[in-house]
Amino acid sequence: MPELPEVETTLRGITPHIKGQTISKIIIRQRQLRWPIPDEIKSLTGLPVEEITRRGKYLFWQTPAGHLIWHLGMSGSMLILPIDDESESPRRQSHEFTKHEPEKHEHVVFEFNNGLSLRYRDPRRFGALLFTADDPNQHKLIRSLGPEPLQSEFNTDTLYQACRNRTAPIKHLIMDSHIVVGVGNIYACEALYLAGINPKRKAGKISKQRIEKLVSAIKTVLQAAINQGGTTLQDFNQADGKPGYFKQSLNVYGQRGRPCSICSSKIRQIKQAQRSTFYCANCQR
DNA sequence: CGAGCAACCTGCATGC
DNA sequence: TGCATGCAGGTTGCTC
């Protein structure tokens, strides 16, 4: 779910409340996420969270004992609440759960010495919470990741090189985390629209000039989404419980049958690698 | 090596 | 109203 802008929004939302704070309690209600949550994270109780950083769609929490590695999967989100306050959250308006009863799908709670708690909610449980005592960048899941899309290491040359001799459709390539991290289904569709490139086009047959446009479009759309707090479709929320506002800026994703904002022809929806792709067949060649 | 696809899990929209 | 079906922001790991 969350793509890079949503993870970055989460990072910015939780950092001021948690960075430097000491963990007073860790509650694991459901350890069966994508992988089981390792027991050893319980031993982080009493330690401070020294730094919170992001790599692709992963969040790292640095402690004196090692790093927590978080992934939000398709439906994960984090919420900051006072420890004792079960009633004020926008999510908690439902009467389905009484006060002090954990919300459904709230699988992990961290409590801190400053009186705040972080609540991890993930209905589909595709997310992950792992621990490593070593350099997290050397972790199996992290070390083979491609460049950060908003940094200069991701540029026309790197993407053009990655496309050489590749027959797969370009959408496939820009969603491949070994080529560039953070671009999921929504922003892949949106970036290809901005660049005027048909998502089905074979990656190896796109000119360097058009790859340059695509790199620029990816950076533009991700930065714009971050500026608006990400995209909320269903599950995602910012750390204060508010939705992201980029949904109203989507040109093609979820817009099947609606007029293209450039040429007014109907936005099409197709399937590529079992994922929905939205595009304008007139503007994207 | 690359391409294709099943798997993990729950909730929601749609159609009969 | 109920039930079956298909779809959803991601990623690994299998087969060919």
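Chain identifiers are assigned alphabetically (A, B, ...) following the order of the sequence lines, protein sequences preceding nucleic acid strands; residue numbering begins at 1 within each chain.
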> Do the ring centers of A/W70 and A/F60 come within less than 6.0 Å of each other?
Replying inline: no
>> Measure OH/A/Y245 against P/C/dG9 and give the value in whole Å, please.
In response: 22 Å
> Can you tell me how far C1' of B/dC8 sits from CG of A/L33, to the nearest Å?
Replying inline: 11 Å
> Under the ring-ring contact (aromatic ring centres under 6.0 Å, His included) test, which residues partner A/Y58, sequence neighbours left out?
Replying inline: A/H71
> Does NZ in A/K42 sit with more than 12 non-hydrogen atoms of other residues, nucleotides or ligands closer than 6.0 Å?
Replying inline: yes
> Name the stems that DNA chain B belongs to, where each is three or more consecutive Watson-Crick or G-U pairs with both distances under 3.5 Å?
Replying inline: B:2-8 with C:10-16, B:10-16 with C:2-8
> Do the ring planes of A/F112 and A/F110 sit parallel (below 30°), tilted (30 to 60°) or perpendicular (above 60°)?
Replying inline: parallel
> Between A/E148 and A/R54, does at least one N-O distance fall below 4.0 Å, as a salt bridge requires?
Replying inline: yes
>> More than 12 heavy atoms of other residues, nucleotides or ligands under 6.0 Å from NZ of A/K219: yes or no?
In response: yes
>> Does any part of the side chain of A/L173, heavy atoms only, come nearer than 4.5 Å to the side chain of A/R166, both counted from C-beta?
In response: yes
>> Rounded to whole Å, please give me the gap between CZ in A/R166 and C1' in B/dC1.
In response: 9 Å
Acceptor/donor pairs from residues 127-142 of chain A side chains to any protein atom, 3.5 angstrom cut, sequence neighbours excluded:
residue, atom, partner, partner atom, Å
A/T132, OG1, A/D134, N, 3.1
A/D135, OD1, A/N137, N, 2.9
A/H139, ND1, A/L141, N, 3.1

> Using atom P of each nucleotide, how far apart are B/dC9 and C/dC3 to the nearest Å?
Replying inline: 23 Å
> Looking at the side chain of A/K271, which of C/dT11, B/dC5, C/dC7 is the nearest nucleotide?
Replying inline: C/dC7
>> Measuring only the C1' atom in each nucleotide, how far is B/dA3 from C/dG9? A whole number of Å is fine.
In response: 23 Å
>> The test is salt bridge (Lys or Arg N to Asp or Glu O under 4.0 Å); show your working for A/R121 and A/E106 and say whether it passes.
In response: CA-CA 4 Å; A/R121 181 176 185 269; A/E106 200 166 83; over 6 Å; no
>> Checking A/E8 against A/R12 for the salt bridge (Lys or Arg N to Asp or Glu O under 4.0 Å) test, could you report, in this order, the C-alpha distance in whole Å, the side-chain angles of both residues, the deciding distance, and whether it holds?
In response: CA-CA 6 Å; A/E8 179 67 23; A/R12 294 181 186 188; 2.8 Å; yes
> Closest to the A/K57 side chain: C/dA8, C/dG10, C/dT12?
Replying inline: C/dG10
> Is the distance from OP1 or OP2 of C/dA8 to the nearest side-chain N or O of A/S276 less than 4.0 Å?
Replying inline: yes
Within the sub-3.5 Å range, which N or O atoms of nucleotides 9-12 of chain B have a protein N or O partner, and how far apart are they?
residue, atom, partner, partner atom, Å
B/dC9, O4', A/R124, O, 3.3
B/dC9, O3', A/R125, NH2, 2.9
B/dC9, O2, A/R124, NE, 3.1
B/dT10, OP1, A/R125, NH2, 2.6
B/dT10, O4', A/P123, O, 3.3
B/dT10, O3', A/H105, NE2, 3.0
B/dG11, OP1, A/K104, NZ, 3.1
B/dG11, OP1, A/H105, NE2, 2.5

>> C/dC7, OP1 or OP2 - any side-chain N/O from A/R275 closer than 4.0 Å?
In response: no
Taking only nitrogen or oxygen atoms into account, show me every contact under 3.5 Å that the protein makes with nucleotides 13-15 of chain C, one pair per line with its distance.
residue, atom, partner, partner atom, Å
C/dG13, OP2, A/K140, NZ, 3.3

>> Distance check needed: C/dG9 P versus A/F278 CZ, whole Å only.
In response: 8 Å
> Who passes side-chain contact (heavy atoms from CB on, under 4.5 Å) against A/A273, sequence neighbours left out?
Replying inline: A/H172
> Is there a side chain to side chain donor-acceptor pair (under 3.5 Å) between A/Y187 and A/E6 once you walk through the steps?
Replying inline: CA-CA 11 Å; A/Y187 300 113; A/E6 291 74 37; 2.6 Å; yes
>> Without decimals, in angstroms, what is the distance between A/D122 CG and B/dC8 P?
In response: 16 Å
> What is the distance from CD of A/Q269 to C1' of C/dA8, rounded to the nearest Å?
Replying inline: 11 Å
> How many Å lie between CD1 on A/I69 and P on C/dG10, as a whole number?
Replying inline: 19 Å
> Distance check: side-chain N/O of A/Y253 vs OP1/OP2 of C/dG9, anything under 4.0 Å?
Replying inline: yes
> When you measure from the side chain of A/Q274, which nucleotide among B/dC5, C/dT12, C/dG10 comes out closest?
Replying inline: B/dC5
>> For a quick test of reading the model: is some side-chain N or O of A/S177 closer than 4.0 Å to OP1 or OP2 of C/dG10?
In response: no
> More than 12 non-hydrogen atoms from neighbouring residues, nucleotides or ligands closer than 6.0 Å to CD on A/Q272, yes or no?
Replying inline: yes
>> What is the distance, to the nearest angstrom, from the NE2 atom on A/H139 to the C1' atom on C/dT11?
In response: 14 Å
>> For a quick test of reading the model: is some side-chain N or O of A/H71 closer than 4.0 Å to OP1 or OP2 of C/dT11?
In response: yes
